[in-house]
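What follows is one structure encoded as structure tokens, with my remarks underneath.
From a predicted model like this one, the values you see are computed outputs, not experimental measurements.
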Amino acid sequence: MLALGGIKAGDLLYDLGSGDGRVLIAAAKKYRIKAVGFEMDPGLVKLARENIQQENLEHLVEVRHQDFMLADLSSASIVTLYLSHDGNEALKPILLRQLQPGARIVSYTFDMGDWAPKITESYRDGAGDVHMLYYWEIPQSVAHTENSH
């Protein structure tokens, strides 16, 4: 997911539904970028914070016990998702409205319906299972069609 996102110095990654923090930790360790996770499950927030502390990455990684659907996502230059078809569909207008042009979105497993990804990639894991990754970029000019009635 991180390689597909084309991470570069200075990026700010938001992981929506960050779970145990593994994507955040990988981004900080491999690319030395700041990463912020949003997670609703208090047990996972606690676990992620412990994992971040074990890796001594508190200066780069933060986990917020917050609903990402209500969060301000506008600072992110890259957003990673592992949600659901419905979750991605609900999030799509928020991403289009809040993210800056050129911001990147990488989704594990689930696409965004009629918003065609710029890149679709599959990979086979050690067990032989195939996984899909989807990549989008926020266009330079977004027509907010959901507001024109």
Side-chain angles (χ1 to χ4, degrees), residues 1-139 142:
M1 285 180 83
L2 298 173
L4 182 61
I7 292 177
K8 55 193 180 296
D11 270 340
L12 174 59
L13 180 137
Y14 279 10
D15 188 28
L16 308 185
S18 54
D20 64 7
R22 68 183 65 189
V23 170
L24 303 168
I25 289 168
K29 281 176 80 169
K30 184 167 185 185
Y31 298 98
R32 309 305 298 167
I33 62 166
K34 289 194 183 294
V36 179
F38 294 84
E39 179 55 57
M40 287 298 295
D41 181 318
L44 287 173
V45 170
K46 183 177 185 297
L47 177 62
R49 288 177 177 161
E50 288 167 2
N51 291 340
I52 291 159
Q53 202 169 4
Q54 275 181 331
E55 298 283 349
N56 293 316
L57 292 171
E58 300 94 329
H59 61 294
L60 290 175
V61 182
E62 170 191 352
V63 176
R64 298 180 186 166
H65 184 202
Q66 183 180 2
D67 182 347
F68 58 76
M69 296 297 281
L70 305 174
D72 177 3
L73 307 175
S74 61
S75 301
S77 54
I78 181 165
V79 174
T80 53
L81 314 170
Y82 180 23
L83 304 176
S84 64
H85 286 291
D86 292 345
N88 280 9
E89 282 289 329
L91 187 61
K92 181 171 69 173
I94 295 169
L95 294 172
L96 285 167
R97 190 170 58 246
Q98 291 190 12
L99 295 180
Q100 303 301 314
R104 289 102 62 213
I105 302 157
V106 181
S107 177
Y108 180 79
T109 305
F110 303 104
D111 64 13
M112 291 214 200
D114 60 1
W115 187 15
K118 191 168 183 175
I119 302 169
T120 302
E121 210 171 83
S122 64
Y123 73 93
R124 191 174 301 277
D125 66 18
D129 295 321
V130 174
H131 303 270
M132 297 301 297
L133 296 173
Y134 299 94
Y135 171 91
W136 298 265
E137 279 178 17
I138 299 295
V142 176

Give me the atom names and distance for the closest heavy-atom approach of [X] to [Y].
| X | Y | answer |
| --- | --- | --- |
| A103 | A76 | CB-O, 4.0 Å |
| L24 | A35 | CD2-CB, 3.7 Å |
| Q100 | I138 | O-CB, 3.5 Å |
| D20 | L44 | N-CD2, 4.2 Å |
| E55 | I25 | CG-CG2, 4.0 Å |
| G21 | A48 | N-CB, 3.8 Å |

From [X] atom [atom1] to [Y] atom [atom2], the distance as rounded to the nearest 0.5 Å:
| X | Y | atom1 | atom2 | result |
| --- | --- | --- | --- | --- |
| L60 | K29 | CG | NZ | 12.0 Å |
| K46 | N51 | NZ | CG | 10.5 Å |
| R49 | R64 | CZ | CZ | 10.5 Å |
| I7 | R104 | CD1 | CZ | 7.0 Å |
| L4 | Y123 | CG | OH | 11.0 Å |
| L96 | I105 | CG | CD1 | 6.5 Å |

Review point. Can you list the steps and then say if M132 with T109 is a side-chain contact (heavy atoms from CB on, under 4.5 Å)?
Key: CA-CA 5 Å; M132 297 301 297; T109 305; 5.7 Å; no

**Study point:** Inter- and intrachain pairs under ring-ring contact (aromatic ring centres under 6.0 Å, His included), touching residues 45-83, at least two apart
**Key:** Y82-Y108

Review point. Hey, are the side chains of L133 and H131 touching, using non-hydrogen atoms and a 4.5 Å cut-off?
Key: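 No, side chains not in contact.
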
**Study point:** Side chain to side chain, L73 and I94, heavy atoms closer than 4.5 Å
**Key:**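 When only atoms from C-beta onward are counted, I94 and L73 do touch, with a gap below 4.5 Å.
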
**Study point:** Expected output: side-chain S77 to main-chain L12 donor-acceptor under 3.5 Å
**Key:** yes

Check your understanding: Between the main-chain N or O of L13 and the side-chain N or O of D11, is there a donor-acceptor pair closer than 3.5 Å?
Key -> no

Check your understanding: Should D72 and S74 be marked as a side-chain hydrogen bond (donor to acceptor under 3.5 Å, both in side chains) after you check the CA-CA gap, both sets of side-chain angles, and the distance that decides it?
Key -> CA-CA 6 Å; D72 177 3; S74 61; 2.6 Å; yes

**Study point:** Contacts of type side-chain contact (heavy atoms from CB on, under 4.5 Å), residue H85, not counting sequence neighbours
**Key:** F110, D111

In a table with atom names and distances, give each donor-acceptor pair under 3.5 Å that connects a side chain of residues 113-121 to protein atoms at least two apart or in another chain.
| unit_1 | atom_1 | unit_2 | atom_2 | d |
| --- | --- | --- | --- | --- |
| D114 | OD1 | K92 | NZ | 2.6 |
| K118 | NZ | E137 | OE1 | 3.2 |

Review point. F38 pairs by side-chain contact (heavy atoms from CB on, under 4.5 Å) with which of V63, L16, D67, L70?
Key: L16

